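Here the structure comes first, spelled out in structure tokens, and everything after it is commentary.
Start at 1 and go down the list; that is how both ligands and their atoms are numbered. What you see is a predicted model, and the numbers here were worked out from it, not measured in a lab.
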Amino acid sequence: MRIVILGPPGSGKGTISGIIGKEYGIVHISTGDLFRYNIREKTPIGLEAKSYMDRGDLVPDQITIAMLEERVGRPDCEKGFLLDGYPRTIEQAEALDVLMQNKGWQIDIALNVCVPETFIMKRLAGRRVCPQCGATYNVYTQPPKKSGICDACGARLVQRPDDTEETIHHRLETYEESTKPLIDFYENKGILKNVDNRGAVEETMAQVKKVLN
Ligand code: AMP
């Protein structure tokens with residue numbers, strides 16, 4: 001199965017994608033995570049991407065498409081994959097179509113994770129991440145057992161540099177302008193499925209399973 005996950009920043013795409021990846025045994029590829037890895041490792045991609053990410057801008061398509069194509073070309077993607085945070089522009093979606101054609105594959109489903117804007121601010125401003133193991137928490141809705149400390153590995157939790165209020169506003173504008181048109185793009189292909197992620201993650205997963213099964 002090959003899936004793309006759409007939705008605004010803070011819609012909970014990452015959490016849902018992680019669960020789908022585990023439950024369906026397919027690779028979860030988050031372009032945001034790939035960029036953060038490259039930044040930590042100080043690779044040429046990371047050095048190039050950092051300033052765009054810190055401002056809440058999209059990393060240019062040329063860099064992003066090349067990084068994604070390299071990742072999807074690895075053997076673990078042959079059984080299927082789930083793209084979280086990619087595509088984010090029509091140009092990326094068209095490049096993905098070409099890649100799929102060249103490989104004789106197709107995207108089966110575009111899952112659109114829907115939440116009202118009022119939820120988004122709270123989710124992003126409250127988000128804390130573990131720099132060591134990648135676990136995600138929310139100080140309002142999903143706090144760690146001990147404040148500021150990762151339940152899984154004991155590291156001190158941090159706020160992502162692009163989760164400040166000003167940057168969040170900018171990321172939402174970027175979403176409206178560049179990424180939202182992808183809803184129509186995949187609707188026109190007949191593969192768009194909406195899931196409502198206002199409630200508990202279990203409720204959302206029940207909807208996701210209906211769609212995927
Ligand atoms: P995310 O973790 O998905 O919220 O992504 C964090 C940041 O990484 C975004 O705000 C962008 O700066 C960058 N990024 C991630 N995916 C893409 C993409 N497909 N195209 C361009 N920039 C991206």
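In this structure, the side-chain hydrogen bond (donor to acceptor under 3.5 Å, both in side chains) partners of R36, at least two apart in sequence or on a different chain, are D33. Residues meeting the side-chain hydrogen bond (donor to acceptor under 3.5 Å, both in side chains) test with K209, sequence neighbours left out: E23.
The pair D76-R74 does not meet the salt-bridge criterion, since no charged nitrogen lies less than 4.0 angstrom from a carboxylate oxygen. A salt bridge links R171 with D163: at least one charged nitrogen is closer than 4.0 Å to a carboxylate oxygen.
Taking every non-hydrogen atom of T64 and a distance limit under 4.0 Å, the qualifying atoms of ligand 1 come out as 18 (C), 19 (N), 20 (N), 21 (C).
When L58, T31, V59, D57 are ranked by how near their heavy atoms come to atom 12 (O) of ligand 1, first place goes to D57. Among R171, Q92, R88, the residue whose heavy atom sits closest to atom 9 (C) of ligand 1 is R88.
Residue contact check for ligand 1: R36 places a non-hydrogen atom closer than 4.0 Å to it. Residue R160 places a heavy atom less than 4.0 Å from ligand 1.
Taking atom 23 (C) of ligand 1 as the reference point, the nearest protein heavy-atom neighbour is F35 CE1, 3.7 Å. Nearest protein heavy-atom contact of atom 7 (C) of ligand 1 is M53 CE, 3.7 Å.
Cation-pi contact between R55 and Y52: present, with separation from the ring centre below 6.0 Å and deviation from the ring axis of at most 45°.
Within the 3.5 Å criterion, the main-chain N or O of G7 finds a donor-acceptor partner in the side chain of K13. Within the 3.5 Å criterion, the main-chain N or O of L82 finds no donor-acceptor partner in the side chain of R2.
Close N/O approach between G85 and ligand 1 is found [any backbone or side-chain N/O within under 3.5 Å].
Of all the heavy atoms of L68, none lies under 4.0 Å from any atom of ligand 1, so neither backbone nor side chain is involved.
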